[in-house]
Chemist: 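Supplied in structure tokens, the structure appears directly below.
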Amino acid sequence: MTLLLLGEFEDTQVWISAIQTYQPDLKIEVYPEVKNPAEIDAVLVWMHPLGVIEKFPNLKVIISTGAGVDHILRDPNLPAHIPIVRLVDDSLTSQMSEYILSAILQFHRQFTEYKIQQNQQLWRGLSPRNTANCTVGILGLGVLGSDIAQKLNLLGFTVRGWSRTPKVLEHINCFFGEAQFNLFLRECEVLVCLLPLTPETEGILNQNTFAALSQGAYLINVARGKHLVEEDLLTALTSGQLSGACLDVFQIEPLPENHPFWTHPQIIITPHIAAKTIPACVVPQIIAAIQNSQEGVLLNNTIDLSQGY
Ligand code: NDP
Ligand code: OXD
């Protein structure tokens, strides 16, 4: 069996060692060094060059190196019959929840205001916020959204979530579908985006959404840059409708040098690191997907192409 690493990898050698430690007899090639396209059984991809995947006639599975698959589905020439598998992993889930918790707590405990006061050598306590009165809304109640929802609930926040289909999660007020979107947004003081990027969710973080939140709400976008209408965020920060934002993902990555977000005092920026795949943690599920695809066994964590996630 031959696996091809295809697209952008921070360090292909780390991937190769992790895979070979677990499955020494698996042949690994790294694009564009492909000996014989007919021998490629599986591709492991992140932001691959468009049109390449269809060139492997015996491909049996496409595996994302991350949780999202929009980077694969952007290819208009994908062979429709090949299953696409994404990663679901505890290390990704806990990193994501830690990131969101850090962002919420720095907002909730007014660290930005205290930093400004520190710069002025000002010793002054601000009025504390009551945790139980702070409503956090999570867009997306999938693997990642449901984990952070439950962790926030344990800390005493009031948590609500929104998904495409109905959900039941203990202590979480669950909303679903377009019809309940505005009801969900109302009263949210923090809005966290954990939706997959699909035609339905692109641009969902826009002026209408911000206007429906509590005045001075805080935005956390850890999903995809295209969820956010960037101009609308700047306007909402200027008007005070939003008081700040923590952004890990952007329309263009890396964020361009002159982008206004870089220097905006109310925006915190991180370089798409909210949850980074640790190769050694995810290799077992990658190998299982390759083996099962060879044997025609049902694969875990496959994408429903009709939904786009
Ligand atoms: P899941 O597929 O497990 O969950 C997606 C959730 O979004 C589901 O609850 C789904 O609803 C909901 N959803 C999808 N479409 C709609 C819609 N049109 N309306 C309302 N709800 C919708 O994904 P994960 O939780 O694993 O990951 C979410 C995203 O996080 C990834 O797609 C990726 O883009 C991003 N991500 C970012 C990382 C980073 O480092 N910044 C790292 C990892 C992931 P339902 O439950 O009804 O199907
Ligand atoms: C992912 C990501 O989708 O890193 O896993 O963004």
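Residues take their numbers from the sequence shown, with the count starting at 1. Each ligand, and each atom within it, is numbered from 1 in the order the structure gives.
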Chemist: Taking the basic N atoms (NZ, or NE/NH1/NH2) and the acidic carboxylate oxygens, is any pair closer than 4.0 Å for E10 and K276?
Modeler: yes

Chemist: Heavy atom to atom 32 (O) of ligand 1, shortest distance: which of G225, G177, P196 holds it?
Modeler: P196

Chemist: With distance as the sole criterion, is a donor-acceptor pair present between the side chains of E8 and H71 under 3.5 Å?
Modeler: no

Chemist: Could you name the option among L194, T201, V69 that has the heavy atom nearest to atom 28 (C) of ligand 1?
Modeler: L194

Chemist: L197: heavy atom below 4.0 Å from ligand 1, yes or no?
Modeler: no

Chemist: Relative to ligand 1, is M96 under 4.0 angstrom through side chain, backbone, both or neither, heavy atoms considered?
Modeler: side chain

Chemist: Could you tell me, atom by atom, which parts of ligand 1 come under 4.0 Å of a heavy atom of V249?
Modeler: 41 (N)

Chemist: Please say whether E200 places an N or O atom under 3.5 Å from an N or O atom belonging to ligand 1.
Modeler: no

Chemist: Under a heavy-atom criterion of less than 4.0 Å, does K276 contact ligand 2?
Modeler: no

Chemist: Is any NZ, NE, NH1 or NH2 atom of the basic residue among E187 and R160 found under 4.0 Å from an Asp or Glu carboxylate oxygen of the other?
Modeler: yes

Chemist: Tell me whether G68 has any N or O atom under 3.5 angstrom from an N or O of ligand 2.
Modeler: yes

Chemist: Name the option, out of G142, P199, A275, that contains the heavy atom nearest to atom 6 (C) of ligand 1.
Modeler: G142

Chemist: What class does the angle between the rings of F107 and Y218 fall in, given that below 30° is parallel, 30 to 60° is tilted and above 60° is perpendicular?
Modeler: parallel

Chemist: Looking only at distances, can you tell me whether any N or O atom of W162, backbone or side chain, sits closer than 3.5 Å to an N or O atom of ligand 1?
Modeler: no

Chemist: Which is it for S64 and ligand 2 at heavy atoms under 4.0 Å: side chain, backbone, both or neither?
Modeler: neither

Chemist: Can an N or O of R224 be found at a distance shorter than 3.5 Å from an N or O of ligand 1?
Modeler: yes

Chemist: Closer than 4.0 Å to some heavy atom of G66 - which atoms of ligand 2 meet that?
Modeler: 1 (C), 5 (O)

Chemist: Quick one about E29 and T2 (side-chain donor to acceptor, distance below 3.5 Å, no hydrogens or angles considered), yes or no?
Modeler: no

Chemist: Under a 3.5 Å cutoff, is there a donor and acceptor pairing between the side chains of N206 and T209?
Modeler: yes

Chemist: Report yes or no: do T270 and Y99 form a side-chain donor-acceptor pair below 3.5 Å?
Modeler: yes

Chemist: Should you measure from each heavy atom of D248, which atoms of ligand 1 turn up under 4.0 Å away?
Modeler: 39 (C), 40 (O), 41 (N)

Chemist: If the contact criterion is a heavy-atom separation under 4.0 Å, does Q95 count as touching ligand 1?
Modeler: no

Chemist: Is it true that R124 and Y114 share a donor-acceptor pair across their side chains at a distance under 3.5 Å?
Modeler: no

Chemist: Out of curiosity, is L141 lining ligand 1, as in a heavy atom under 4.0 Å away?
Modeler: yes

Chemist: Which residue holds the protein heavy atom closest to atom 4 (O) of ligand 2, what is that atom called, and what is the gap in Å?
Modeler: H272 NE2, 3.5 Å

Chemist: One thing to verify: whether D70 and R74 come together as a salt bridge, which I'm taking to mean a side-chain N less than 4.0 angstrom from a carboxylate O.
Modeler: no

Chemist: Any non-hydrogen atom of K276 lying under 4.0 Å from ligand 1?
Modeler: no

Chemist: At what distance is the nearest protein heavy atom to atom 1 (C) of ligand 2, and which residue and atom is it?
Modeler: A67 N, 3.3 Å

Chemist: If you measure every N/O of R224 against every N/O of ligand 2, is any gap under 3.5 Å?
Modeler: yes

Chemist: For ligand 1 and I273, I'd like to know whether there is a polar contact (N/O to N/O, distance under 3.5 Å).
Modeler: no

Chemist: In ligand 1, which numbered atoms sit nearer than 4.0 Å to a non-hydrogen atom of A223?
Modeler: 34 (O), 35 (C), 37 (C)

Chemist: With heavy-atom distances below 4.0 Å as the criterion, list the atoms of ligand 1 near H272.
Modeler: 39 (C), 40 (O), 41 (N)

Chemist: Looking at ligand 1, does G66 have a heavy atom less than 4.0 Å from it?
Modeler: no

